[in-house]
Amino acid sequence: MNARDEEIEESSFNETGNLRGDYNVTPWQVDGVVDYNKIVQDFGTRLITPEIIEKLRMFTGQIHPLLSRGFFFSHRDFDIVLDAYKNGENFYLYTGRGPSGHVHMGHLMPWFFTKHLQDTFRSRLLFQITDDEKFLYSQHLSLQDVEKYAYDNILDVIAMGFDPKLTRIIIDTKNIKALYPLYLEISKRLTFSTAKAVFGYRPSSNIGMISFPAIQAAPCFLPSLIEQKPTRVLIPAAIDQDPYWRITRDVAEKMGYYKPAQVHSKFVPSLEMNGKMSSSKPTSAIFTTDDPETIESKISGAYTGGQPSVGLQRMLGGDPDACPVFWYLSHFFDDGKVSFERSLKCRTGNLLCGECKSDLTIQTKLFISEFTRRRDQARNQIARFLYEDNPFD
Ligand code: TYM
């Protein structure tokens, strides 16, 4: 075992690769109530400070609500990427999706921020679809299933409005030729003990899963090959993906590349009591493919921060901080002023949960109906976005 392996062995992860403590966050599972201040310490990332937000504001003019509301909260080297850009060095964006089912509103959040960064910096974006990961990880998905979801999810990616000239979608099983040499270089430098310490593999883990992280790492270095010079990469994603970047950063400089930088988001909460919005629990999530009746019934059954009866709500008020319905309204639809007034009325018993649920239902139906229109239009644009040999020519 080398020194670096020992360092990771001694990390904050227990023997199954999960964080020690009251919650678990891995790329494949998030359980419990996540303590975001603690996760920064446990993962060894850094909080996004007002100084970094100010640096970004020099380019964007205003602060994106996902930053001002603290939804994007942590980073690695975001400041370095911004300083380099100021000195004339462009960077690529890189993000992705594992096609295990339909896309839900939680997945859209990192993509909204990615689009904001693309619009601001006119950055090229690589978007990876890890159909291989979902096939290897799932007990029930066949290769045909993940292929079907890959093309279904690509409609969502295009519906986000990414610039077709600046965006290329890599489907792992289709574009493996572009990834494979990098995969080899990366996997040769990663030991099983490091991968086990970071991802918690067990003797029963299939060997495809064990080497998969090198495939998700590969697009971090692809821009350097495309540009034929070391090129910086910034990855917007929720914090669950960070273990991949930890191992990638370990090998980057040894391979002659920059360490990839990240901005990490929190998780969009479940519509139910605890946890994150998750594809594996359909009632916890609003999918972009949900019809109006399904949206209505999911929101009407959602957990809230309200009291058990109207009388108690009027008397004691509710707790918007513990309410996923309030969370959705404040992060997706209400502006700062409306959100503040809503929270005040809730706390003082002047607003009932039914009223917030009704507002959320109306807004979500409108949003999804517009998104569906864009998804339909995306069907004949797919070819423009797919990765090819000379991707940006
Ligand atoms: P996947 O498909 O699990 O998730 C896609 C993106 O959505 C984020 N995410 C969430 N964000 C907020 N709230 C939630 N409840 C929530 N659930 C998921 C994820 O962090 C991710 O950004 N292995 C990856 C695919 C991938 C990738 C990447 C992701 C390949 N390369 C580069 C990010 C960056 C996966 O299965 O993501």
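Heavy atoms only: backbone and side chains are in, while hydrogens, waters and symmetry mates are out. Note that ligands are numbered from 1 as they come in the structure, with each ligand's atoms numbered from 1 the same way. The structure presented is a predicted model; accordingly, all values stated were derived computationally and were not measured.
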**Student:** When you pair each N or O of ligand 1 with protein N or O atoms, which pairs come out under 3.5 Å?
**Tutor:**
| residue | atom | partner | partner atom | Å |
| --- | --- | --- | --- | --- |
| ligand 1 | 2 (O) | Arg97 | NH1 | 2.7 |
| ligand 1 | 2 (O) | Gly98 | N | 2.8 |
| ligand 1 | 11 (N) | Gly106 | O | 3.3 |
| ligand 1 | 13 (N) | Val268 | N | 2.8 |
| ligand 1 | 15 (N) | Val268 | O | 3.3 |
| ligand 1 | 15 (N) | Met277 | O | 3.1 |
| ligand 1 | 17 (N) | Lys276 | NZ | 3.0 |
| ligand 1 | 20 (O) | Ala238 | N | 3.0 |
| ligand 1 | 20 (O) | Asp240 | OD1 | 2.6 |
| ligand 1 | 23 (N) | Glu133 | OE1 | 2.7 |
| ligand 1 | 23 (N) | Glu133 | OE2 | 3.3 |
| ligand 1 | 23 (N) | Gln216 | OE1 | 2.8 |
| ligand 1 | 23 (N) | Gln241 | OE1 | 3.1 |
| ligand 1 | 31 (N) | Tyr94 | OH | 2.9 |
| ligand 1 | 31 (N) | Gln128 | OE1 | 3.0 |
| ligand 1 | 36 (O) | Gly98 | N | 3.4 |
| ligand 1 | 36 (O) | Glu133 | OE1 | 3.3 |
| ligand 1 | 36 (O) | Lys134 | NZ | 3.3 |

**Student:** Check the angle between the aromatic planes of Phe287 and His104 and answer parallel, tilted or perpendicular using the 30° and 60° thresholds.
**Tutor:**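 Perpendicular, since the angle between the ring planes exceeds 60°.
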**Student:** What class does the angle between the rings of Tyr244 and Phe212 fall in, given that below 30° is parallel, 30 to 60° is tilted and above 60° is perpendicular?
**Tutor:**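 Rings of Tyr244 and Phe212: perpendicular, over 60°.
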**Student:** What residue among Ile171, Ile215, Ile176 forms side chain to side chain contact (heavy atoms under 4.5 Å, CB included) with Asp132?
**Tutor:**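 One option only clears the test, and that one is Ile215.
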**Student:** Please determine, by modelled atom types, if Glu51 and Thr49 share a side-chain donor-acceptor pair under 3.5 angstrom.
**Tutor:**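 Result is yes, a qualifying pair exists.
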**Student:** ring-ring contact (aromatic ring centres under 6.0 Å, His included) with Phe71: which of Phe112, Trp327, Phe332?
**Tutor:**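 Among Phe112, Trp327, Phe332, the one meeting ring-ring contact (aromatic ring centres under 6.0 Å, His included) with Phe71 is Trp327.
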**Student:** Indicate whether the side chain of Gln118 and that of Thr167 have a donor and an acceptor atom separated by less than 3.5 Å.
**Tutor:**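 Present: a donor and an acceptor within the cut-off.
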